*Asks:* 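Pasting a structure here, questions to come.
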Number of protein chains: 2
Amino acid sequence: MPETGMCACETVFVDEEKVRTVQENISPDETLHILANTFKLLGEPTRLKILLALSIEELCVCDIASLLGITRSAISHQLRLLKSSRLVKFRRAGKMVYYSLDDQHVKHLLKDGLEHLND
Amino acid sequence: MPETGMCACETVFVDEEKVRTVQENISPDETLHILANTFKLLGEPTRLKILLALSIEELCVCDIASLLGITRSAISHQLRLLKSSRLVKFRRAGKMVYYSLDDQHVKHLLKDGLEHLND
DNA sequence: CAAACGATTGAATATATGTTCACATGTAAT
DNA sequence: ATTACATGTGAACATATATTCAATCGTTTG
């Protein structure tokens with residue numbers, strides 16, 4: 001005989017309704033993975049610093065490498081990830097490639113994240 | 001003789017001023033690491049799903065485990081991380097422990113993240 | 001065309017981390 | 001107290017990934 005307020009454990013008492021409700025109201029797995037991927041990209045010091053830097057000013061690979069103190073190659077690898085998820089865009093100018101934030105949402109996410117720290 | 005608009009590369013042409021400006025305006029490394037850690041916690045499907053579920057309703061460990069289809073142990077490990085970063089809080093009710101979001105910032109981050117997907 | 005140089009890519013390596021299993025802890029009921 | 005059960009923890013393992021080095025690509029300039 002099921003009781004209300006119990007959890008979905010291995011016992012006979014399972015609040016199936018509660019779990020089902022959440023199950024139905026949560027975002028679909030595909031959306032969820034895309035969202036997780038976006039947050040993951042922000043969740044790494046190197047990439048986050050790149051994005052924060054680009055939120056201030058357009059920069060080339062060398063500028064960023066100099067700023068972070070790591071290899072241009074490493075920066076390039078990270079920019080590739082950020083590029084493929086549409087978080088940054090780029091333009092060529094001769095031999096250089098200048099990177100900048102792709103849209104405003106990223107900037108908002110960064111801002112909201114910083115606000116979360118001061119609670 | 002330095003030129004303007006050049007980047008901080010290995011050549012003699014280095015836009016030190018540009019890099020210095022960004023350097024000074026970017027968040028300090030400590031802030032940056034804390035922020036990165038927050039995003040990293042959101043940037044993993046299991047944890048993100050936990051948080052999205054908790055944004056709908058308070059749940060115990062078993063409910064979440066049942067919802068995600070992974071071990072209670074795994075859930076517990078993830079909740080420990082989320083707890084230590086103040087993203088979730090908990091209350092005991094007998095043998096059960098009910099988890100919920102710690103503050104509204106998390107919910108906002110989730111919402112903003114989802115909005116980012118529809119651009 | 002050839003040299004120079006910024007950027008990119010692939011392989012390799014070191015490190016981080018998500019999950020599970022086995023066991024420990026805490027609370028409630030008998 | 002002893003048992004039952006939800007949760008927490010530590011070790012182990014598999015996997016993911018950030019960085020570097022070496023080589024290549026693209027563009028510009030001699």
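The model shown is predicted, which means the values in this text are computed figures rather than measured ones. So you know, we letter chains A, B, ... as the sequences are listed, proteins then strands, and number each from 1.
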*Asks:* Is the phosphate of C/dT17, meaning OP1 or OP2, less than 4.0 Å from a side-chain N or O of B/K40?
*Replies:* yes
*Asks:* Considering just the side-chain nitrogens and oxygens of B/Y99, establish if one lies under 4.0 Å of OP1 or OP2 belonging to D/dA6.
*Replies:* no
*Asks:* In whole angstrom, what separates A/L81's CG from D/dA16's P?
*Replies:* 15 Å
*Asks:* Return the value, rounded to whole Å, for the distance between atom CZ of B/R91 and atom C1' of D/dA6.
*Replies:* 14 Å
*Asks:* Atom CD of A/E44 to atom C1' of D/dA16: distance rounded to whole Å?
*Replies:* 13 Å
*Asks:* Rounded to the nearest 0.5 Å, what separates atom CG in A/L68 from atom CD in B/Q23?
*Replies:* 8.5 Å
*Asks:* Would you say whether A/H77 stacks on C/dT8? The test is a distance between ring centres of less than 5.5 Å and an angle between planes of less than 30°.
*Replies:* no
*Asks:* Please give, in whole Å, the distance from C/dA7 P to A/I50 CD1?
*Replies:* 13 Å
*Asks:* Can a donor-acceptor pair under 3.5 Å be found between the side-chain atoms of A/S73 and the base atoms of D/dC21?
*Replies:* yes
*Asks:* Closest heavy-atom contact between A/I26 and B/A53?
*Replies:* CD1-N, 3.7 Å
*Asks:* Measure the acute angle between the ring planes of A/F39 and B/F39, then classify it against the limits of 30° and 60° as parallel, tilted or perpendicular.
*Replies:* parallel
*Asks:* What's the spacing between B/L59 CG and B/S100 OG if we round to 0.5 Å?
*Replies:* 9.5 Å
*Asks:* Using a cut-off of 4.0 Å on non-hydrogen atoms, how would the nucleic acid contact of A/L79 be classed: base, sugar-phosphate, or nothing?
*Replies:* nothing
*Asks:* If you find the nucleotide of DNA chain D closest to A/I75 and the one closest to A/G94, which residue's nucleotide is nearer the 5' end?
*Replies:* A/I75
*Asks:* Remember a base hit wins even if backbone is also touched, and classify B/F90 as base, sugar-phosphate or nothing at under 4.0 Å, heavy atoms.
*Replies:* nothing
*Asks:* Would you indicate what A/T71 reaches in the nucleic acid, counting non-hydrogen atoms under 4.0 angstrom: base, sugar-phosphate, or nothing?
*Replies:* sugar-phosphate
*Asks:* Within less than 4.0 Å of OP1 or OP2 of C/dT17, is there a side-chain N or O belonging to B/Q78?
*Replies:* no
*Asks:* So, does A/S76 get its side chain near the phosphate of C/dT9, meaning an N or O under 4.0 Å from OP1 or OP2?
*Replies:* no
*Asks:* Starting from the 5' end of DNA chain C, give me the residue, A/R92 or A/A74, whose nearest nucleotide shows up first.
*Replies:* A/R92
*Asks:* Could you tell me the separation between the CZ atom of B/R72 and the C1' atom of C/dA22, rounded to a whole number of Å?
*Replies:* 13 Å
*Asks:* Among C/dG26, D/dT9, D/dT7, which nucleotide sits nearest the side chain of B/R80?
*Replies:* D/dT9
*Asks:* With rounding to the nearest 0.5 Å, note down the distance linking CD in A/E24 to CD1 in B/I56.
*Replies:* 10.0 Å
*Asks:* How long is the line joining CZ of A/R47 and C1' of D/dA16, in whole Å?
*Replies:* 11 Å
*Asks:* Which is more 5' along DNA chain D, the nucleotide nearest A/G69 or the one nearest B/K83? Just name the residue.
*Replies:* B/K83
*Asks:* In this structure, how many angstroms lie between the C1' atom of C/dG18 and the CG atom of B/L68, rounded?
*Replies:* 13 Å
*Asks:* Please state how far atom NZ in A/K95 lies from atom C1' in D/dT28, giving the value in whole angstrom units.
*Replies:* 5 Å
*Asks:* Charged N to carboxylate O under 4.0 angstrom, A/D102 versus A/K83?
*Replies:* no
